[in-house]
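Accompanying notes for the structure given below.
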Amino acid sequence: MRHCKSCGNPVNEDSRTCPSCDTPIVGEEQITGKEAASEMRQEQAEETSTKRHKKRTLIITAILAFIMISSAAAAIILHKSPKELYLLSEYKTYQKSKEGWVEKYGDKMEFQEKMMKKPSSSEMTLSGNIDMDSISNDPSLEMFQELLNKATITAKTERDPISNQSYNNLALNVEKEKAMDVEMFQTKDRLGLKVPFLYEKFFYVNFDEYGEFMQMIDPSYTGPETLDASDLEWQDLNITEKEQEYIQKRYGAFLLGNLEDKNFTMKKGVEYKHEGETIKVREVTLKLSSSETKNLVNDFMDHLIKDEKLQSMIVTRAQKVSKTGTVTKEIGSSDANGLKRQLVDGLKDAKKEMKGIHFSKGFSSTLLIDKDEQIIDRKITTAFGGSKNQLNMELRSKNVSYGDDQLFEEFSVALSPEDEEESKILFQVTNDVVIKEATRKENLNASFKIEEYGESEEIKFSMKSDIDGEKDGKKKIRRDFNLNFVVGEFTDRPSGFKGTIKQTSELNLKKDYSNAKFELKLGLADELDSDTVTFKLDSKTKLKDILEMPDLKLDSGAGLNLVNIPEGEMYRIQEEVGMNLMELGIRYGLVPEDVYQFDSYDGYYDLEDEDSVDKL
């Protein structure tokens with residue numbers, strides 16, 4: 001029998017309450033079940049509590065780790081030495097400027113690179129209009145003005161860089177009638193030119209006879225005997241990324257090794273104000289004494305003299321340029337070793353000459369650096385020259401972002417003799433830019449000023465530009481500019497000019513074409529005179545997979561090799577060209593009909609009447 005746990009009286013097995021005290025009777029199994037459930041709930045609560053504790057511990061640990069890593073990174077970033085911050089900010093500023101250049105002109109550069117690898121066909125038309133009241137009383141000038149207003153120049157080019165061939169046609173048209181044209185061609189082997197209105201055949205030179213041809217013109221010629229047109233590619237002169245990396249690494253290491261920590265100082269929390277806004281910047285200054293500056297320049301020259309890899313880069317490009325025959329006298333031998341010796345000898349001579357140059361005020365460069373480690377203001381001062389005559393130089397540059405997407409840019413150079421403070425040369429350019437979603441407005445001002453003993457002359461240029469951002473490769477630009485001369489009272493120079501440039505362009509890299517239209521309107525700034533000149537340029541370029549060059553038929557007698565023309569034949573050709581040139585001038589009123597007649601015997605023009613000219 002069971003007993004009531006409340007009062008102790010006996011209770012039947014099947015009773016649910018005590019008959020004495022009415023207390024509910026609970027079985028052992030029920031108590032055990034409740035206790036088990038309670039224990040389970042307690043264990044689950046403890047397990048959940050443990051998991052939550054572990055999770056909180058993990059989160060707290062992660063946060064602490066993040067704080068520690070961030071603190072370490074901040075310590076590295078914010079506590080760079082002045083020297084490290086100076087060099088790093090110069091590098092980062094250069095990289096950002098390079099990125100901006102690529103963003104602005106990247107598509108054009110890519111299209112130009114494509115033109116160097118694929119055949120292309122281009123056509124350009126130049127026309128103009130002259131409206132000048134000042135020549136209204138001069139009949140001959142009025143006639144010349146009328147002729148120019150009716151004239152257009154067209155240029156067509158077919159170029160195949162794969163086969164290294166090109167054909168060019170330049171034509172002068174008057175009232176849509178061809179007045180004169182010039183044809184030029186270039187292949188791997190020869191270069192030629194023809195002016196049909198003056199002579200009906202091509203004149204050409206074979207590249208393997210180039211030296212002989214140059215000696216006909218200049219008997220003292222000592223340059224290359226042949227030309228290699230296949231090497232005349234602009235991309236071969238560009239500095240490759242690998243070469244850029246080498247230069248940056250080598251000369252970056254040079255600066256790190258030759259500039260000491262003691263030459264750098266830094267101020268934090270400097271307030272910089274622009275257009276009513278104030279930002280906190282770090283000011284880092286590099287200062288070198290006169291002897292330190294001279295030693296740095298001397299060590300840099302030694303660095304250049306020992307840099308065989310850089311010398312090879314220069315020599316390789318000099319060789320390619322020398323093969324054009326345009327700078328033969330300056331470069332001399334095109335042999336790689338010879339060119340390298342000339343380059344090193346030139347550097348050594350420059351080093352010797354620089355021994356006489358002194359830096360009386362040393363060198364100072366102060367950078368103001370924002371939180372992104374970009375240079376927003378730079379000031380460089382130095383003085384250099386002989387032991388007595390020193391030239392002071394101050395260079396300033398600014399690149400300050402402010403307001404809503406606004407940018408102020410400035411560059412200036414000031415030069416003045418050390419002993420003559422009254423004399424000064426100042427060049428300055430500023431550009432205030434407002435950038436919106438698809439438009440860009442620029443306000444550019446430039447000036448060149450010379451001051452000497454209280455008198456000054458100045459040239460001022462200003463230009464406001466409205467640029468519609470590129471949309472599907474299309475862009476519209478309008479620029480209004482003024483050019484003014486601020487000079488003394490007695491001068492024949494005009495007070496200035498004003499004008500407008502309108503440009504529309506369309507560049508499609510996928511469809512391989514580029515079209516552009518320009519219009520330039522130029523007039524005198526003087527309000528009393530309304531003379532204006534207008535030029536219009538329309539150009540179209542299309543890249544092609546295959547290009548068919550015109551057949552010039554040189555092998556059928558349509559061309560003359562300049563090296564092989566007999567002397568007597570050359571005199572006859574000169575006579576014919578002179579007569580055709582005279583007839584062309586008479587046709588368009590540039591030469592009076594009764595003025596000259598060509599004398600085939602002595603090559604001079606003699607005074608004759610109109611009937612004599614007609615007899616020609």
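Computed from a predicted model, the values in this text were never measured in an experiment. Basis for what follows: all heavy atoms, side chains included, without hydrogens, waters or symmetry-related copies.
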*asked:* Does anything in residues 378-415 form a ring pair (Phe, Tyr, Trp, His ring centres under 6.0 Å)? List the pairs, not counting sequence neighbours.
replied: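 The answer is H274-Y402, H274-F408.
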*With sequence neighbours left out, which residue pairs that include part of residues 338-381 fulfil the ring pair (Phe, Tyr, Trp, His ring centres under 6.0 Å) condition?*
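Qualifying pairs, neighbours excluded: none.
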*Audit row: K287, N263, side-chain contact (heavy atoms from CB on, under 4.5 Å) steps and yes/no*: CA-CA 5 Å; K287 194 168 184 60; N263 298 126; over 6 Å; no
*So which of I477, V434, D466, V433 actually passes side-chain contact (heavy atoms from CB on, under 4.5 Å) with R440?*
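Exactly one option meets the side-chain contact (heavy atoms from CB on, under 4.5 Å) with R440, and it is V433.
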*Rounded to the nearest 0.5 Å, how far does CD of E283 lie from NZ of K268?*
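Here the rounded value is 13.5 Å.
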*Distance (rounded to the nearest 0.5 Å) between Q390 CD and S360 OG*: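 Here the interatomic distance stands at 3.5 Å.
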[Y] versus [X], side-chain donor and acceptor atoms under 3.5 Å:
X    : Y    : value
S120 : R159 : no
Y94  : E90  : no
N445 : S462 : no
Y251 : D307 : yes
T430 : E410 : no
N484 : K498 : no
Q244 : K98  : yes

*asked:* For R341, give me all partners under salt bridge (Lys or Arg N to Asp or Glu O under 4.0 Å), at least two apart in sequence or on another chain.
replied: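 Partners of R341 under the salt bridge (Lys or Arg N to Asp or Glu O under 4.0 Å) test: none.
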Does [atom1] belonging to [X] count more than 12 external heavy atoms closer than 6.0 Å?
X    : atom1 : result
K96  : NZ    : no
K340 : NZ    : yes
K306 : NZ    : no

_Going by the rule side-chain hydrogen bond (donor to acceptor under 3.5 Å, both in side chains), which residues pair with E394 if we only count those two or more places apart in sequence or in a different chain?_
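Expected list: none.
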_Which residues pass the ring pair (Phe, Tyr, Trp, His ring centres under 6.0 Å) test with F264, not counting sequence neighbours?_
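With sequence neighbours excluded, F264 shows a ring pair (Phe, Tyr, Trp, His ring centres under 6.0 Å) to Y86, given in chain and number order.
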_With sequence neighbours excluded, residues passing ring pair (Phe, Tyr, Trp, His ring centres under 6.0 Å) with Y246_ =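 Ring pair (Phe, Tyr, Trp, His ring centres under 6.0 Å) check on Y246 returns nothing, list empty.
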